[in-house]
Amino acid sequence: MKTSLKFTALAALLFAAAGAMAQDMVVKIGSVGPTSGPIAHLGKDNENGVRLAIEDLNARHVKIGGKTVKWEMVAQDDAGDPKQGTAVAQLLVDQKVNGVIGHLNSGTTIPASKVYFDAGIPQISASATNPKFTRQGYNTAFRIVADDTQLGGTLGRYAVNELKGKNIAVIDDRTAYGQGVADEFEKGAKGAGATIVGREYTSDKATDFTPILTNIKGKKPDIIFFGGMDAVAGPMLRQMKQLGINAKYMGGDGICTVELPKLTAGTIGDDQVYCAEASGIDPKDKAAVKEMDDFRARFKKRFGTEVQIYSPYTYDATMLMAAAMEKADSAVPAKYLPVLAATRDYHGVTGTITFDKKGDIEHGALTLYTYRGGKKTMLDVIR
């Protein structure tokens, strides 16, 4: 009798263990961005968007292949450096992640994309806007925001047609993102009839812009456009004020953050700075606006900070990747990749996502902003 009970107990334990093994599987999602260095606040913002999605997915108890999925985020810091970007990309490949959300910067996203392509791992960037990213022929590369061709060109036309700029100076930080968006802005502004009175260059680590700005001041521009990130734009705007330069200041999504007024030490005036995010929700769509507002409130409650720019997009990218796995009933990259590529009308907190043949979002929106009273203020959404 005792022996029978022992066998019964052992069988029950083995059955329970086998059941647990059959029910659980781990899916790893890589998250990459600069979580150290001058734009760490943007990298952490992107990472937290992924983190919130992972928490939501685990709360849903998603099943793939009959097994309950345990979702894990594998976060890596690329410091915004192309070499470190490829190194951490290879590390994620070696850790056998099922997909990657990132990188943040175009300069790291583009070289890393080859590493993921060679390994057959899908990659969705929610913030890299250089057109080259999705034009290399890599079927693993996807982007859920508009690219610089649209963003820079639209800002260039806006500078002339709406802000009445005639003489415009352009500065870029020589990164893949900064130079790319500045080039497209210049094309758009010239096409709309502006004169480019100067083209200057700096770096993404510079802090002193006196020589550049002094040279520009003598050319009396109406508008100065900067292709780069907010960590550089902040000190540049402070030094513009010190030099008595009253030109309007424009930039792409890299400067379009809630942190910018702090980085300028409160020196920017109302309607002095104009920028655009490579994304947006039509303010007339009340349900979509509410959904985004709810996300922002939930994000702030969870992390104790405001959304900077693209955390809603990294959230959507993560949820979209998970939805493709669920639909394919597999987390194996080769099996869910075709489903991901065929995404049409996916409803996210940032709007509707459909991929074109290159892996770009179709009909990507732009949201134009200015700053008033030290706060980022929306002006318009353009498609």
- Task: Return the set of residues passing side-chain hydrogen bond (donor to acceptor under 3.5 Å, both in side chains) with Asp230 (not counting sequence neighbours), or none when no residue passes.
- Result: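 For Asp230, the residues satisfying side-chain hydrogen bond (donor to acceptor under 3.5 Å, both in side chains) (neighbours in sequence not counted) are His41, Thr257.
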
If we count only N and O atoms by modelled type, under 3.5 Å, do the side chains of [X] and [Y] hold a donor and an acceptor together?
{"X": "Ser279", "Y": "Tyr313", "value": "yes"}
{"X": "Ser36", "Y": "Asp77", "value": "yes"}
{"X": "Ser311", "Y": "Asn48", "value": "no"}
{"X": "Asp148", "Y": "Thr129", "value": "yes"}
{"X": "Thr68", "Y": "Asp24", "value": "no"}
{"X": "Ser113", "Y": "Gln123", "value": "no"}
{"X": "Gln76", "Y": "His103", "value": "no"}

So, does [X] use its side chain to make a donor-acceptor pair with the main chain of [Y] at under 3.5 Å?
{"X": "Asn46", "Y": "Gly33", "answer": "no"}
{"X": "Asp172", "Y": "Tyr201", "answer": "no"}
{"X": "Thr367", "Y": "Glu277", "answer": "no"}
{"X": "Ser330", "Y": "Lys335", "answer": "no"}
{"X": "Lys63", "Y": "Val69", "answer": "no"}
{"X": "Asp380", "Y": "Leu368", "answer": "no"}
{"X": "Asp81", "Y": "Gln84", "answer": "yes"}

Should the pair [X]-[Y] be classified as a salt bridge under the 4.0 Å nitrogen-to-oxygen rule?
{"X": "Asp294", "Y": "Arg298", "result": "no"}
{"X": "Arg135", "Y": "Asp147", "result": "yes"}
{"X": "Asp118", "Y": "Lys114", "result": "yes"}
{"X": "Glu162", "Y": "Lys164", "result": "no"}
{"X": "Arg199", "Y": "Glu186", "result": "yes"}
{"X": "Lys300", "Y": "Glu306", "result": "yes"}
{"X": "Glu55", "Y": "Arg51", "result": "no"}
{"X": "Lys166", "Y": "Asp222", "result": "no"}
{"X": "Lys327", "Y": "Asp329", "result": "no"}

- Query: Side chains of Ile110 and Asn130: does their closest heavy-atom pair fall under 4.5 Å?
  - Reply: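 Counting from C-beta outward, Ile110 and Asn130 do come under 4.5 Å.
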
- Query: Is Gln90 close to Gln95 at the side-chain level, that is, under 4.5 Å between some pair of heavy atoms?
  - Reply: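 No, side chains not in contact.
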
- Task: Verify whether the ring centers belonging to Tyr274 and Tyr369 lie closer than 6.0 Å.
- Result: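 When the ring centroids of Tyr274 and Tyr369 are compared, they turn out to be at least 6.0 Å apart.
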
Interatomic spacing from [atom1] in [X] to [atom2] in [Y] - rounded to 0.5 Å:
{"X": "Ile212", "Y": "Thr210", "atom1": "CD1", "atom2": "OG1", "answer": "9.5 Å"}
{"X": "Arg143", "Y": "Ser106", "atom1": "CZ", "atom2": "OG", "answer": "7.0 Å"}
{"X": "Thr377", "Y": "Leu379", "atom1": "OG1", "atom2": "CG", "answer": "7.5 Å"}
{"X": "Asp204", "Y": "Asn105", "atom1": "CG", "atom2": "CG", "answer": "8.0 Å"}
{"X": "Ile144", "Y": "Tyr310", "atom1": "CD1", "atom2": "OH", "answer": "10.0 Å"}
{"X": "Leu92", "Y": "Asp78", "atom1": "CG", "atom2": "CG", "answer": "10.0 Å"}

Do [X] and [Y] sit in the same hydrophobic cluster, where Ile, Leu, Val, Met, Phe, Trp and Tyr count as joined when their side-chain heavy atoms come under 4.5 Å apart?
{"X": "Leu151", "Y": "Ile224", "result": "no"}
{"X": "Leu260", "Y": "Leu42", "result": "no"}
{"X": "Leu263", "Y": "Tyr177", "result": "no"}
{"X": "Val100", "Y": "Met73", "result": "no"}
{"X": "Met321", "Y": "Val27", "result": "yes"}

- For the pair Phe225 and Phe185, name the ring-plane relationship: parallel under 30°, tilted 30 to 60°, perpendicular over 60°.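 Parallel, since the angle between the ring planes stays under 30°.
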
- Query: In terms of ring plane angle, is the pair Phe299 and Phe303 parallel, tilted or perpendicular, where the classes change at 30° and 60°?
  - Reply: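 Rings of Phe299 and Phe303: tilted, 30 to 60°.
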
- Query: Is the count of non-hydrogen atoms from other residues, nucleotides or ligands lying under 6.0 Å from Lys219 atom NZ greater than 12?
  - Reply: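 Counting neighbours around NZ of Lys219, more than 12 heavy atoms of other residues, nucleotides or ligands fall under 6.0 Å, so yes.
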
- Query: Within a radius of less than 6.0 Å around CG of Asp356, do more than 12 heavy atoms belonging to other residues, nucleotides or ligands occur?
  - Reply: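 Yes, because the 6.0 Å sphere around CG of Asp356 holds more than 12 heavy atoms from other groups.
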
- Item | Verdict with supporting geometry, Met236 and Ile171, side-chain contact (heavy atoms from CB on, under 4.5 Å) | CA-CA 11 Å; Met236 189 182 293; Ile171 307 170; 3.9 Å; yes

- Message: Evaluate Asp94 against Lys96 for salt bridge (charged side-chain N to carboxylate O under 4.0 Å, His left out), listing each step before the verdict.
- Response: CA-CA 5 Å; Asp94 294 342; Lys96 300 188 185 316; over 6 Å; no

- Message: Using the rule given for side-chain contact (heavy atoms from CB on, under 4.5 Å), can you reason through Ile281 versus Val381, listing the C-alpha separation, both sets of side-chain angles and the distance that settles it, and then say yes or no?
- Response: CA-CA 7 Å; Ile281 294 173; Val381 174; 6.0 Å; no

- Task: Kindly confirm or rule out a cation-pi arrangement of Lys376 over Tyr371, judged by NZ or CZ under 6.0 Å from the six-membered ring centre and within 45° of its axis?
- Result: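 No, Lys376 does not lie over the aromatic ring of Tyr371.
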
Nearest heavy-atom neighbours spanning [X] and [Y]:
{"X": "Thr314", "Y": "Gly49", "value": "OG1-CA, 3.3 Å"}
{"X": "Glu47", "Y": "Ala75", "value": "OE1-CB, 3.6 Å"}
{"X": "Ile64", "Y": "Ala331", "value": "CG2-N, 4.0 Å"}
{"X": "Pro38", "Y": "Ala231", "value": "O-CB, 3.5 Å"}
{"X": "Pro333", "Y": "Ile121", "value": "CB-CA, 4.4 Å"}
{"X": "Gly374", "Y": "Pro261", "value": "O-CG, 3.2 Å"}

- Item | Test side-chain hydrogen bond (donor to acceptor under 3.5 Å, both in side chains) applied to Asp345 and Thr352, step by step | CA-CA 5 Å; Asp345 299 325; Thr352 301; 5.7 Å; no

- Given ring pair (Phe, Tyr, Trp, His ring centres under 6.0 Å), test Tyr315 with Phe295 step by step and report yes or no. CA-CA 10 Å; Tyr315 177 89; Phe295 175 87; 5.1 Å; yes

- Task: For the pair Gln179 and Asp183, evaluate side-chain contact (heavy atoms from CB on, under 4.5 Å) and give the outcome as yes or no after the intermediate values.
- Result: CA-CA 6 Å; Gln179 185 175 352; Asp183 287 346; 3.7 Å; yes

- Task: Evaluate side-chain contact (heavy atoms from CB on, under 4.5 Å) for Glu326 paired with Tyr336, printing each intermediate quantity in order.
- Result: CA-CA 8 Å; Glu326 202 171 354; Tyr336 82 82; over 6 Å; no

